[in-house]
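Heads up, the thing below is written out as structure tokens.
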Amino acid sequence: MITARQITKSFDNLNVLKGIDLEITKGEIVSIVGPSGAGKTTLLQILGTLDKPDAGKIFYDGIDVNKMNDKDLASFRNKNIGFVFQFHQLLPEFTSLENVMIPALIGKVKSSEAEKTAKEILDFLGLKDRMTHKPNELSGGEKQRVAVARALMNNPSVIFADEPSGSLDTRNKEELHKLFFDLRTELNQTFVIVTHDEQLAASTDRIIHMKDGVIVL
């Protein structure tokens, strides 16, 4: 589904990625692990089209996303890619329901349709009673499930998660990890997860080890 070929990226004189080759298949849960500074988050951002490589190509089902202009790429990202970050990135002034609806509204979906879908997703994730709550009224685990719901809103091809359980306690961490696998079972959802959590990494279908900007065995 996703193919990366010879991806390089530098910031000033620092070579962060040094020729990454990678393939992700549909329905796969992949973890990317390695020490701080290995290039994990940079790779995730490039795979997720949030940043562009200095060289190399990214293909989604054979489509070279590097050839898209900024407008087309933003539309592609909105429809095909979901993101979950360590600290939720929920908008504090909006309710859970409103936060989840945002990707659909950006994609020009009718408000009534977006609300219906968002309610269904929140209900599926066990948040039916938290839809009208704002982020400061939610627990850490609930915030992260809202973030997952938002990532699922447009039925993306893949969800990229950057340290998604890094700010959670043990119980909420285990629940979030289980949720990822439940979503794969129910929706054949694909996940690419950057993590320092050894338990999460060990449970994924495949572990990609990075060190000094390259993939190592």
Side-chain angles (χ1 to χ4, degrees), residues 22 24 27-45 47-48 50 81-100 102-103 118-153 156 158-211 215-217:
L22 180 63
I24 308 294
E28 193 174 22
I29 299 180
V30 176
S31 55
I32 302 176
V33 304
S36 296
K40 304 182 300 296
T41 294
T42 300
L43 177 59
L44 197 78
Q45 290 174 339
L47 292 174
L50 292 174
I81 301 172
F83 296 95
V84 179
F85 302 100
Q86 180 174 351
F87 295 107
H88 329 299
Q89 305 293 348
L90 300 176
L91 297 177
E93 66 270 28
F94 294 130
T95 65
S96 298
L97 180 62
E98 291 166 341
N99 267 285
V100 174
I102 287 171
K119 285 180 176 178
E120 290 172 352
I121 295 172
L122 286 165
D123 190 13
F124 176 75
L125 297 186
L127 293 165
K128 183 176 182 179
D129 295 332
R130 312 299 277 170
M131 292 187 191
T132 60
H133 290 68
K134 293 184 177 180
N136 66 355
E137 300 172 307
L138 303 173
S139 69
E142 288 170 339
K143 289 176 186 176
Q144 201 59 304
R145 277 187 284 159
V146 172
V148 172
R150 180 183 58 192
L152 288 167
M153 184 64 203
V158 58
I159 290 178
F160 292 102
D162 192 359
E163 297 288 358
S165 57
S167 63
L168 301 180
D169 60 28
T170 299
R171 182 178 65 82
N172 283 306
K173 185 180 299 186
E174 290 173 352
E175 289 182 357
L176 181 67
H177 296 172
K178 181 179 181 297
L179 174 60
F180 291 158
F181 287 90
D182 289 345
L183 290 170
R184 193 261 292 276
T185 300
E186 295 289 333
L187 306 175
N188 197 31
Q189 185 63 60
T190 307
F191 287 90
V192 180
I193 306 167
V194 164
T195 184
H196 282 101
D197 191 292
E198 294 180 1
Q199 182 180 359
L200 172 58
S203 66
T204 59
D205 300 323
R206 181 159 52 107
I207 303 175
I208 296 168
H209 296 270
M210 291 190 67
K211 183 178 181 180
I215 293 175
V216 296
L217 299 177

Flag the pair S31 / L200 as yes when at least one side-chain heavy-atom distance between them is below 4.5 Å, and no otherwise. no
For residues 32-44, pull every pair meeting salt bridge (Lys or Arg N to Asp or Glu O under 4.0 Å), keeping only residues two or more places apart or in separate chains. none
Mind checking side-chain hydrogen bond (donor to acceptor under 3.5 Å, both in side chains) for T190 and listing every partner two or more places apart, or none if nothing turns up? none
E137 side-chain N/O to K134 backbone N/O, donor-acceptor pair under 3.5 Å: yes
Nearest heavy atoms of K143 and L138, plus distance in Å: CE-O, 3.5 Å
I would like to know whether L176 and V148 meet side-chain contact (heavy atoms from CB on, under 4.5 Å); could you show each step before the answer? CA-CA 9 Å; L176 181 67; V148 172; 3.9 Å; yes
What residue pairs, at least two apart or across chains, pass ring pair (Phe, Tyr, Trp, His ring centres under 6.0 Å) with a residue in residues 158-184? F180-F191
Could you go step by step and tell me if L22 and L47 meet the side-chain contact (heavy atoms from CB on, under 4.5 Å) rule? CA-CA 10 Å; L22 180 63; L47 292 174; 3.8 Å; yes
Could you check whether any side-chain N or O of R145 sits under 3.5 Å from a backbone N or O of L179, counting only pairs where one atom can act as donor and the other as acceptor? no
Are the side chain of E163 and the backbone of H196 linked by a donor-acceptor contact shorter than 3.5 Å? yes
Determine whether V84 and Q144 make a side-chain contact, defined as any pair of heavy atoms from C-beta on separated by less than 4.5 Å. yes
Over all atoms of both residues, closest heavy-atom pair of I32 and V192: CD1-CG1, 3.7 Å
P135 versus L90, closest heavy-atom pair with distance: CG-CB, 3.9 Å
Return each pair, listed once, that meets ring pair (Phe, Tyr, Trp, His ring centres under 6.0 Å) where at least one residue sits in residues 118-141; pairs must be two or more places apart or across chains. none
Shortest non-hydrogen separation from G48 to I81 and the atoms involved: O-CD1, 3.6 Å
Residues in side-chain contact (heavy atoms from CB on, under 4.5 Å) contact with A118, at least two apart in sequence or another chain: L97, V100, M101, M153
Quick check: does any side chain N or O of S96 sit under 3.5 Å from a backbone N or O of R130, one acting as donor and the other as acceptor? yes
side-chain contact (heavy atoms from CB on, under 4.5 Å) assessment of L152 paired with L187: CA-CA 10 Å; L152 288 167; L187 306 175; 4.3 Å; yes
Between E174 and K178, does any NZ, NE, NH1 or NH2 come within less than 4.0 Å of an OD or OE carboxylate oxygen? no
Show your reasoning for whether side-chain contact (heavy atoms from CB on, under 4.5 Å) applies to D205 and V30. CA-CA 6 Å; D205 300 323; V30 176; 5.7 Å; no
Is S165 reaching over with its side chain to a backbone N or O of L168, donor-acceptor style, under 3.5 angstrom? no
Could you tell me whether E198 atom CD has more than 12 heavy atoms of other residues or ligands within 6.0 Å of it? no
Any salt bridge (Lys or Arg N to Asp or Glu O under 4.0 Å) involving residues 186-197? Give me the pairs, sequence neighbours left out, ordered by first then second residue. K173-D197
